[in-house]
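Have a look at the structure below before the remarks.
First the proteins, then the strands, lettered A, B, ... as listed; each starts at 1.
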Amino acid sequence: MKLNGKSFTHSFGLSTAPVPVEPYISKDYFELERERVFKRSWLCVGRVEDISQPGDYFVRDLPILRTSIIVVRGQDGAIRAFHNMCQHRGNKLAGTGGTHGNVSAFTCCFHGWRYDLDGKLAYIPDEQSFFDLDKSKLKLMPLASDSWEGFIFVNASLTVGETVDQWIGEMAPLVKGFDFSFPLAGHYRTDLRCNWKIVLDSVQEAYHVVALHRRTVASAFAAKENPFAHLTSARMFKRHRSVSVWGNPKVKPRPSESLALKLARLSSPYTPSINQTNHPGLNPEQDNNWAFDIHVLFPNLQIILGEGYYLTQWAWPVAVDQTRYEVKMYMKPPAVPSESIMQEFNKVMLYDVLLEDLFTLENTQASLSSGVKTELNFSDQEVACRHSYEVIDAMIRG
Amino acid sequence: MDDSKQGNRELPADFAQLGKFVNWALPTQGERRVKRLTSTMPEIEEFYAAILPEMERIATYLDQYPMHEMPDDAKLLLYLTYAFMAVAPAVEIFNEPSVTDAAFDYRRFVEVGE
């Protein structure tokens, strides 16, 4: 229930019936997600700051698209994405996932074919030994790419129906204009033996906070007047969704946090009472005792926006029961050294809390994979998990 | 030439009494975490108790420098405050070095790019 007693789930016209376990464990369902969800969606793969100079590039392996991509900023400043594949015999052109750097051209290590940053094939060693080659037809194979508010998106569909602007749609006012220029302060990754939706579901509800985070941050998000950490508001769109998390104004900071707060005018996700913001997208329904907003950009990116910081968390599907989880924390640059001490508090706390979050995911997958249980029940507070299920399932069936 | 650039591991003179903890002054979050997790609780508690009452004085001292122009001895002091934050949950929450009971194996949750 909403704090004022109305059901989110009913108000968004979603079902209240149990949802099947099948989408979390079925290989067939996973293959349909590959073809009908991920190959037809704009996928966020990074930030424009990651490749700020002409020639800057990064490689990202995208097992869910069965490809590896190069994202590069050209000499003309434009950002382009290509399949990381030499047009000669298909070798990976620029290394594997995680590779990044600055180049003036891409040269294949196998036979030395060379490509300009816009994908044009520039040089073939011993070209005269080939038969009837048309170099203009041997460009690097592009994916549609675009950026929005500094987030870089790619789309593997050959006939992209929507621009990124249209794709973001109703989510735009919540995100647009946020200061995303904050530098990267923490970047963590792990490979999980579970379905990607188990990861995503875990970061789009606050129901788990009281139990799972009982030792760490539960008291920041639940209190006598809101004992089960009910959301302050929720928004379910065509594909994307957004929920806002209640913060306990009377949370008693521990000594390290008291110090951190005293040292910095920056805010902490764990001390809601100091979160005062003028950004129009934050705290969209202007609730009292607001902590932060959780936005989920369909299909697999969660963005937390707070005052002076933001987090991005990705659940990248690898196989039906394998997911690469990646989190990046960005914080306002510290004006003075003491503010960086506050940020260190935030980073340490985030890391320890995420260790708690990550704990349940593989155990859940192991249980569900038994097939013994066939249905799950989502509460009204897990409305985002249900919305996620319904949107994906409609695409699978559609 | 300033000898502090030659790997000198000395804290600023005002904080010489914290010198015995200089091995906590590690530059990355990952290193500080490993230090926390490979230390005993008595070691952690001793460090925490020594730094806590000094934190505000340290912060005032550090703020005389711009963030990216700190001399090496001040940087060491800054890393000590980061290490304080790194061990704080062990003392204030878990009462042991690691995130207890229900926690993911930290060795699998790695920093990228450190």
Within 6.0 Å of CZ in A:Phe228, more than 12 heavy atoms from elsewhere: no
Given the options B:Phe104, B:Tyr65, B:Phe84, which has more heavy-atom pairs under 4.5 Å with chain A than any of the others? B:Phe104
Hey, could you give me each pair passing salt bridge (charged side-chain N to carboxylate O under 4.0 Å, His left out) that has a residue in residues 200-211 of chain A? Not counting sequence neighbours. none
More than 12 heavy atoms of other residues, nucleotides or ligands under 6.0 Å from OH of A:Tyr207: is that the case? no
The test is side chain to side chain donor-acceptor pair (under 3.5 Å); show your working for A:Tyr188 and B:Gln29 and say whether it passes. CA-CA 11 Å; A:Tyr188 316 101; B:Gln29 191 186 357; 2.5 Å; yes
A:Arg215 versus B:Val99, closest heavy-atom pair with distance: NH2-CG1, 4.1 Å
Quick check: are there more than 12 heavy atoms from other residues, nucleotides or ligands sitting under 6.0 Å from NE2 of A:His100? no
Quick one: which residues of residues 50-64 of chain B reach chain A at under 4.5 angstrom, heavy atoms only? B:Leu52, B:Met55, B:Glu56, B:Ala59, B:Leu62, B:Asp63
Any side-chain donor-acceptor pair under 3.5 Å between A:Ser256 and B:Tyr48? no
Can you confirm whether more than 12 heavy atoms, excluding those of B:Glu10, are under 6.0 Å from its CD atom? no
If you tally heavy-atom pairs under 4.5 Å against chain A, which of B:Met70, B:Arg36, B:His68, B:Met85 wins? B:Met85
Whether A:Tyr351 side chain and B:Phe109 backbone form a donor-acceptor pair below 3.5 Å: yes
Tell me if a side-chain donor or acceptor on A:Thr190 pairs with a main-chain N or O of B:Arg108 at a distance below 3.5 Å. yes
Quick one: do B:Glu111 and A:Arg189 make a salt bridge, cutoff under 4.0 Å? no
Side chains of A:Val348 and B:Pro89: does their closest heavy-atom pair fall under 4.5 Å? yes
I'd like to know which of A:Asp352, A:Leu184, A:Asp191, A:Thr360 tops the heavy-atom pair count under 4.5 Å against chain B. A:Asp352
For a 4.5 angstrom cut-off between non-hydrogen side-chain atoms, does B:Thr81 reach A:Glu344? no
Could you tell me if the side chain of B:Met67 sits less than 4.5 Å from the side chain of A:Val336, heavy atoms only? no
Compare every heavy atom of A:Pro337 with every heavy atom of B:Leu78, then report the nearest pair and how far apart it is. CD1-O, 4.0 Å
In sequence, state the C-alpha distance, the side-chain angles, and the governing distance for A:Met349 and B:Ile93, and then conclude on side chain to side chain contact (heavy atoms under 4.5 Å, CB included). CA-CA 11 Å; A:Met349 201 46 136; B:Ile93 300 173; 3.7 Å; yes
